[in-house]
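Note that the coordinates shown come from a computational prediction; the quantities given were computed from them, not determined experimentally. Both ligands and their constituent atoms are indexed starting at 1 by order of listing.
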Amino acid sequence: MNKLDELVEHWVRPEIRALSAYHVQPATGLIKLDAMENPYTWPAELRDDWAALLRAIDVNRYPDPSATALRERLAEAMAVPAGMRLLLGNGSDELIQMIAMSLAGPSRSLLSVDPGFVMYRMIATFCGLRYVGVPLRADDFGIDLPAVLQALEAQQPAVVFLAYPNNPTGNLFDEQAVLEIIRAAPGLVVIDEAYAPFTEASFMARLGEFDNLVVMRTVSKMGLAGLRLGLLAGSPAWLDEFDKVRLPYNINVLTQASADLALRNKAVFDRQTESIRIERERLAGALCRLDGVRVYPSQANFILMRTPPGQATDWFEGLRARGVLVKTLHGVHPLLEDCLRPTVGKPEENDALLAALSEIAA
Ligand SMILES: *Cc1c(COP(=O)(O)O)cnc(C)c1O
């Protein structure tokens with residue numbers, strides 16, 4: 001081993017060396033249905049307003065450190081209950097990290113369900129929290145409530161993360177099961193509502209009912225993924241502590257101004273997410289008609305599907321060869337054997353996906 005490798009091996013924490021970096025697949029020239037993005041961009045008039053707004057910004061100055069105007073706009077747009085505070089992150093990923101940093105300590109753990117959002121496990125590892133993943137039910141990806149309650153009792157996790165709807169499975173967990181988990185958890189429970197624009201279900205209105213509940217949202221899936229903006233809503237008692245680990249000026253001036261403009265025009269994005277919801281139903285119906293394919297119910301902007309046994313990799317490659325990029329989950333978790341996860345795109349993109357799949361399946 002050379003000197004450089006020795007140095008790195010000696011000093012980088014073993015649990016970091018054991019990780020593989022978050023991988024983003026190349027998408028140039030492909031129909032991009034792999035990352036839960038909103039396929040629609042901004043209408044021309046809104047782009048003009050946006051350009052005018054950005055032209056007036058002085059980037060030599062630091063941004064508003066607490067993004068007060070944007071927080072007020074978000075509180076209104078997301079119906080955050082009175083008396084609750086908002087903490088903003090550079091994407092909700094950064095909020096997960098702030099929570100984990102604030103709660104980490106020797107012998108402490110973060111509990112979630114598997115298969116779930118991969119960043120919970122990765123960030124737990126970065127921050128030195130033991131990750132406890134309780135398997136979902138194999139048949140429908142529902143919460144195995146007795147198993148979660150038992151793990152809560154045995155592990156006493158500092159924090160529980162639940163994505164509602166769940167990623168990568170797309171389903172909404174049973175509301176009563178989630179409530180039981182909130183009541184039984186010894187520490188904090190974070191309900192991650194990244195897919196709120198695609199479902200009616202939410203715990204936002206119930207924030208005041210539980211001392212240990214906070215709700216996380218993001219503007220990424222509604223159509224602003226490039227801005228990197230997430231929000232955590234909860235009582236000041238929790239959020240004022242998490243705010244102490246936030247790096248100063250974490251929400252840049254361009255994001256503050258752009259998100260504010262977008263939220264003043266929220267109707268534009270509501271129309272886009274509404275058409276994605278309509279397309280989701282059409283796409284799910286058409287996927288169901290493919291021979292040997294199982295489609296799982298989705299309340300998000302993607303659909304989890306299972307190919308016939310042993311076919312997922314061929315189908316994934318076959319789609320890419322036909323110009324369509326989806327996410328393959330085969331090999332990610334035992335319960336996701338043969339699974340692919342296309343994001344719902346524009347009607348013509350979904351048609352391209354369906355045409356390619358019927359060729360491949362034939
Ligand atoms: C996409 C996603 C996020 C991350 O959102 P960003 O705000 O873009 O960082 C968080 N949680 C879940 C469940 C997601 O699917």
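On a distance-only criterion, Tyr120 and ligand 1 share no N/O pair closer than 3.5 Å.
The shell of residues lying under 4.0 angstrom from ligand 1, judged by heavy atoms, includes Lys221. The shell of residues lying under 4.0 angstrom from ligand 1, judged by heavy atoms, includes Gly91.
In summary, the side chains of Ser66 and Arg246 do not present any donor paired with an acceptor at a separation below 3.5 Å, with no hydrogens or angles considered. Counted by atom type alone, Arg320 and Gln25 present zero donor-acceptor pairs between their side chains at under 3.5 Å. Defined by atom type and a distance below 3.5 Å, a donor-acceptor pair is present between the side-chain atoms of Arg341 and Asn167. Asn250 and Glu94 are linked by a side-chain donor-acceptor pair at a separation below 3.5 angstrom, with hydrogens and angles left out of the test.
Looking from atom 13 (C) of ligand 1 to the surrounding protein, the closest heavy atom is Asp192 OD2, 3.4 Å. For atom 15 (O) of ligand 1, the closest non-hydrogen atom on the protein side is Tyr195 OH, 2.6 Å. Nearest protein heavy-atom contact of atom 5 (O) of ligand 1 is Ser92 OG, 3.1 Å. The nearest protein atom to atom 9 (O) of ligand 1, hydrogens excluded, is given as Arg228 NH2, 2.9 Å; this is a heavy-atom distance.
Within 6.0 Å of CG on Asp351 lie more than 12 heavy atoms contributed by other residues, nucleotides or ligands.
Relative ring orientation between Phe117 and Tyr120 is described as perpendicular, the plane-to-plane angle rising above 60° on a 0-90° scale split at 30° and 60°.
For Asn167, every heavy-atom contact with ligand 1 shorter than 4.0 Å involves the side chain, none the backbone.
One finds the OH atom of Tyr249 at 11.5 Å from the CZ atom of Arg61 (value rounded to the nearest 0.5 Å).
Close approach of ligand 1 to Ser220 (heavy-atom distance below 4.0 Å) involves ligand atoms 6 (P), 7 (O), 8 (O). Against a heavy-atom cut-off of under 4.0 Å, Ala163 is close to the following atoms of ligand 1: 13 (C).
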